[in-house]
Amino acid sequence: MHSFKTPDKIKNSYSSRICQIADERKKGKKVVGTFCLFVPDEIIFAAGADRVILCGGKNETIPIAEQYLPRNICPLVKSSFGSLVNDGSSDVKSCSHFSMVDMVIAENTCDSKKKMYELLGNYIPTYVIDLPQRPDSPEALKYFLSELEKFKSAMEELTGNRVTKDRLREEIKSSNETRKLLHSLYDMRKKDPAPINGTEILKLLQRQYFLSPGEFKEHIRNLIKEVEESEPEENHRPRILISGCPMSGGNSKVPEIIEDRGGMIVAEESCTGTRSFWDPVDEDKEPMLALAERYIKIPCSCMSPNDRRVDNNLELAEEFDVDGVVYYTLQFCHGYNIEKHKVQQALKKAGIPMLFIETDYSGSDVEQIKLRVDAFMEML
Ligand code: BJ8
């Protein structure tokens, strides 16, 4: 299998990006922090602002968050909040991004996030985009569009720049280019054996949320080139689709176990996977409407009904010729946990085996997950 040797420039991209943002802020540029794919980057960039994603993927800040939040909510929410309220009195390093953002752009998705945002507002200016929960209803698109218009005005107010249709079109085009590049990379994973493992792809996609669009594109191009020039692996390994909760930076436990135990992740039905780039924005339509149409279709389990996600799992399983699906959820993420049943039924009907893993950010269940993954691989 191709082993991607991360160039220094990419390895150091986290720290160089922080310096870049600090410089931009000195020059007056506004920086916003987001937590979710429902917030269109195109509007942020068209307003002349920059953005970083603040979702936490590390275990260390969870005990800090648990001084404020209940223990029985999802680790992603606790990890993110713990980073923000970390006052440095423990040995835990904080997420430096929080101190760099002028405003958080939040969204009404799951209950844990919604309630966390209410607290977040005590620490940092927080703007919330409301989302319709029934995306297929006739009123939903109209409502979402009006919410995006309000968000656009908030960005104009924050930056002092007008978001023109031309600027939006430019940003839509640029984001579509990134989406196209990612499609090219994913096309390579359709080969058997896939030329690059899924853990490497996950780490690349995690970078997408803090790098600038230009740097991220450069990373994808470099990776595509390296994969093209690499020697193909000869042995078939069970081809796995991962489906479920996002895996924020710092969280790669389950993919690593799957690939260490002989599997090959060939696609991800997740927000750190295909959900982030699969659908382009229509460049021929009025830009705000095109954005609303594209973003409202994100098949997040916070939406109801969310049958599009079930269909996507089936389509990806076929397109990437998978041997099995690992359904991954974070503890206390009720949406993805409950939605498991629908996905499992549909996969069963299609004759595709599925393994369900519910986990957190700790290492306490690693041995148990290994045993379950081993048993699953034997079945495939
Ligand atoms: S579009 S998946 S990024 S909301 S894992 S915090 S859902 S309890 S992250 Fe998400 Fe946007 Fe949806 Fe994607 Fe809640 Fe679940 Fe935690 Fe989650």
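All heavy atoms count here, side chains included; hydrogens, waters and symmetry mates do not. Both ligands and their constituent atoms are indexed starting at 1 by order of listing.
- The nearest protein atom to atom 10 (Fe) of ligand 1, hydrogens excluded, is given as K113 NZ, 3.7 Å; this is a heavy-atom distance.
- In summary, R51 and D41 engage in a salt bridge, as defined by a charged side-chain N under 4.0 Å from a carboxylate O.
- The ligand atoms of ligand 1 that sit less than 4.0 angstrom from a heavy atom of Y336 are 2 (S).
- Using a 4.0 Å cut-off between charged nitrogen and carboxylate oxygen, K253 and D360 count as a salt-bridge pair.
- With a 4.0 Å heavy-atom cut-off, ligand 1 is reached by the side chain of V77 but not by its N, CA, C or O.
- Protein heavy atom nearest atom 16 (Fe) of ligand 1, with residue, atom name and distance: C74 SG, 2.3 Å.
- Protein heavy atom at the shortest distance from atom 11 (Fe) of ligand 1 is C36 SG, 2.3 Å.
- The single protein non-hydrogen atom nearest to atom 9 (S) of ligand 1 is P246 CG, 3.5 Å, given as residue, atom name and distance.
- Protein heavy atom in closest approach to atom 14 (Fe) of ligand 1: C110 SG, 2.3 Å.
- Looking only at side-chain heavy atoms (C-beta outward), R308 and D136 come within less than 4.5 Å of each other.
- We find that R275 and E269 are joined by a salt bridge, their nearest charged nitrogen and carboxylate oxygen being less than 4.0 Å apart.
- Looking at atom 15 (Fe) of ligand 1, its nearest protein heavy atom turns out to be C333 SG, 2.3 Å.
- Between F277 and Y186, the distance separating the two ring centers is shorter than 6.0 angstrom.
- Distances below 4.0 Å separate heavy atoms of T109 from the following atoms of ligand 1: 4 (S).
- The atoms of ligand 1 that sit less than 4.0 Å from any heavy atom of C300 are 1 (S), 2 (S), 4 (S), 12 (Fe).
- At the top of the distance list for atom 13 (Fe) of ligand 1, counting protein heavy atoms only, stands C271 SG, 2.3 Å.
- Residues L241 and N313 are in side-chain contact: their nearest non-hydrogen atoms beyond the backbone lie under 4.5 Å apart.
- Atoms of ligand 1 lying under 4.0 Å from at least one heavy atom of F38, given by number and element, are 1 (S).
- Aromatic rings of F35 and Y117 (six-membered ring for Trp) have centroids within the 6.0 Å cut-off, being under it.
- Note on D192 versus R239: salt bridge recorded, some NZ/NE/NH1/NH2 to OD/OE distance being below 4.0 Å.
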